[in-house]
Enquirer: 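I'd like to ask some things about the structure below.
What you see is a predicted model, and the numbers here were worked out from it, not measured in a lab.
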Amino acid sequence: MDDFTVTPYTVEGDVDYDRLLDQFGADRLTDEQLQNFPHPTHRLLRRRVFYAGRDVDRFTAAANRGETVSVVTGRGPSGPMHLGHVYPFYFAKYLQDELGAHVYIPLSDDEKYFSKDLTFDEIHEYTRQNVRDILAVGFDPERTRIVVDTADADVVYPVAAELAKELTPAAVEATYGTPPNVGLGFYPAVQATHLLLPQLVHGRHPTLVPIAVDQDPHVRVCRDIAAKQRHDVEKPAALLSRFLPRLGGGGGKMSTSDDAPGILLSDDREAVREKVQRHAYSGGRDDVDAHREHGGDPTVDVAYQLLAYFFEESDETLDRLAADYRSGELLSGELKAYAADRIADFLEGHQRRRPEGPIADVVEPYRLTEAERARVRPDVFDGESDRE
């Protein structure tokens, strides 16, 4: 049995998603649960990219009754965004459009400072770039809030300080291992604040956290904290996804630090074609004649997997591509070319929507309002005491 490691900070080896469910204690999504999402069901659900979760039924039941629901999915701004970073945001927009969900997007600039060899100046430049890419998704500013830990410390820190009192060093180490510095030891309380913030602003209601499976420990810790009822909140529900495949194959996740490059949101059509043609692991045969005779395997072909995960909307087209590939009618280079064009089409649309102008003006409609901040943070000087 191959060894693999999946933590919020490290993903190594050929990931066995079934074994992860046993390790993390999450439940595989059922057909009945998928039926409770809006129809037509998003391709990330019906193709089981999001494949497991906790308390998903509570979220969908409330949404189907027209009650308040929210979604939290964030970003650690340590570099430019690639394809693997952005699809959870497009899924969150789907939930916002279909269910009227509030969407909260935390950017953990402090956590990246604690965990990466980067200065705050570098991280904040990435934060500004990442925010533009997140807003290109097309969120409703009336129902979307972007929260940056250092910029919104007046809201984040008081809650995190309260929640940190519920966490012991032993609990943090059992979940994350021994933190390399005090900052990362405190960060689980900040992450729990992110996940509970919509309820602190809008009142108690079901919250869904759609994330890649390596981020699940953050949700588990938050659910433990929420159960202690320091605040009037529900445990956040989790919806866990598989990783968008890395171009080199092998069961890991796309990364800009991998031997095979990630596809950046800033890549143009030619760059996408070059990366896919040169680096995407093929399920085809070694030569054309063998491929024509024996066919290829779409289940390991990265170009096909990228289409199946996100970049081909039509199930009928996807099934036809798989059948043609298995029969040998469709060659590996042809499949790569098709996938590269679909990815480039997506990126060109995304890039056109990327907002320009001063970042403060761009993000202002998506920041917490003063009234929302007041619902969360205590005002030390609000009221007087008889004591001097």
Side-chain angles (χ1 to χ4, degrees), residues 4-13 15 20 23-25 72-81 84-85 88 104-128 130-131 146-197 200 209 211-228 230-231 235-236 238 240 243 252-253 255-258:
F4 64 93
T5 301
V6 175
T7 76
Y9 304 108
T10 303
V11 177
E12 296 176 345
V15 177
L20 273 182
Q23 292 177 17
F24 289 172
V72 182
T73 192
R75 166 75 183 135
S78 60
M81 292 178 69
H85 296 137
Y104 276 62
I105 303 171
L107 282 89
S108 52
D109 56 342
D110 52 346
E111 183 252 358
K112 291 307 173 188
Y113 180 74
F114 300 142
S115 62
K116 301 286 186 179
D117 186 20
L118 294 169
T119 67
F120 260 128
D121 285 344
E122 292 170 320
I123 291 168
H124 288 159
E125 178 55 31
Y126 288 134
T127 301
R128 292 186 284 270
N130 290 179
V131 165
I146 291 176
V147 178
V148 179
D149 286 345
T150 59
D152 296 301
D154 61 322
V155 173
V156 173
Y157 179 77
V159 178
E162 286 189 288
L163 301 183
K165 199 168 184 178
E166 306 291 351
L167 277 172
T168 65
V172 172
E173 290 187 22
T175 305
Y176 300 96
T178 304
N181 53 57
V182 172
L184 279 182
F186 182 76
Y187 180 71
V190 177
Q191 177 68 56
T193 302
H194 294 163
L195 303 187
L196 298 180
L197 191 57
L200 300 179
V209 187
I211 48 173
V213 68
D214 59 329
Q215 300 301 301
D216 181 63
H218 294 317
V219 181
R220 297 202 309 270
V221 168
C222 181
R223 285 170 60 85
D224 288 344
I225 293 173
K228 297 176 181 178
R230 180 173 285 271
H231 293 279
K235 295 179 181 180
L240 306 179
F243 301 122
K253 69 174 182 176
S255 171
T256 53
S257 60
D258 200 3

Enquirer: Is it true that D149 and H194 share a donor-acceptor pair across their side chains at a distance under 3.5 Å?
Expert: yes
Enquirer: Please tell me if the side chains of L167 and P188 come closer than 4.5 Å, counting only heavy atoms from C-beta onward.
Expert: yes
Enquirer: Between T73 and P88 (side chain of the first, backbone of the second, donor and acceptor by atom type, cut-off under 3.5 Å), is there such a pair?
Expert: no
Enquirer: Do V209 and Q215 have side chains that approach each other closer than 4.5 Å (heavy atoms only, starting at C-beta)?
Expert: no
Enquirer: Considering non-hydrogen atoms only, spot the tightest contact between V72 and P106 and give its length.
Expert: CG1-CD, 3.9 Å
Enquirer: If you measure from OH on Y113 to CG on N181, what distance do you get to the nearest 0.5 Å?
Expert: 9.5 Å
Enquirer: Between D216 and R220, is there a salt bridge with N-O shorter than 4.0 Å?
Expert: yes
Enquirer: If only atom types and distance count, is the side chain of N130 paired as donor or acceptor with the main-chain N or O of G79 below 3.5 Å?
Expert: yes
Enquirer: How far does CE of M81 sit from CZ of R75, to the nearest 0.5 angstrom?
Expert: 5.5 Å
Enquirer: With under 30° as parallel and over 60° as perpendicular, where do the rings of Y176 and H218 fit, or are they tilted in between?
Expert: tilted
Enquirer: Decide whether D109 and T127 meet the rule of one side-chain donor and one side-chain acceptor closer than 3.5 Å.
Expert: no
Enquirer: How close do D110 and Y187 get, counting heavy atoms only, and between which atoms?
Expert: OD1-CE1, 4.1 Å
Enquirer: Is the closest side-chain heavy-atom distance between V159 and L200 below 4.5 Å?
Expert: yes
Enquirer: Any heavy-atom pair between the side chains of S115 and L184 that's under 4.5 Å?
Expert: yes
Enquirer: Mind listing the closest non-hydrogen atom pair of P179 and G185 along with its distance?
Expert: CB-N, 3.7 Å
Enquirer: Can you see which heavy atom on P158 is nearest to which on A153, and at what distance?
Expert: CD-O, 3.5 Å
Enquirer: Working to the nearest 0.5 angstrom, can you tell me the gap between H124 NE2 and T150 OG1?
Expert: 3.5 Å
Enquirer: E111 vs K116, test: side chain to side chain contact (heavy atoms under 4.5 Å, CB included). Steps then yes/no.
Expert: CA-CA 8 Å; E111 183 252 358; K116 301 286 186 179; over 6 Å; no
Enquirer: Do T193 and V155 have side chains that approach each other closer than 4.5 Å (heavy atoms only, starting at C-beta)?
Expert: no
Enquirer: Shortest non-hydrogen contact from A164 to F186?
Expert: CB-CE1, 3.5 Å
Enquirer: Grab the two heavy atoms, one from R230 and one from E166, that are nearest each other, plus how far apart they are.
Expert: NE-OE2, 2.8 Å
Enquirer: For a quick check under 3.5 Å, do Y126 and E122 share a side-chain donor-acceptor pair by atom type?
Expert: no
Enquirer: Calculate, to the nearest 0.5 Å, the distance between atoms NZ and CG belonging to K228 and L163 respectively.
Expert: 10.0 Å
Enquirer: Side chain to side chain contact (heavy atoms under 4.5 Å, CB included), that's the test. Do S108 and V190 meet it? Break it down for me.
Expert: CA-CA 9 Å; S108 52; V190 177; over 6 Å; no
Enquirer: About how many Å separate NZ of K165 and CD1 of I225, when rounded to the nearest 0.5 Å?
Expert: 14.0 Å
Enquirer: If only atom types and distance count, is the side chain of K112 paired as donor or acceptor with the main-chain N or O of I123 below 3.5 Å?
Expert: no
Enquirer: Any chance CZ of F114 has more than 12 other-residue heavy atoms, nucleotides or ligands included, within less than 6.0 Å?
Expert: yes
Enquirer: Does any non-hydrogen side-chain atom of V172 lie less than 4.5 Å from one of T168?
Expert: no
Enquirer: Compare all side-chain heavy atoms of R223 with those of L195 and state whether any distance is below 4.5 angstrom.
Expert: no
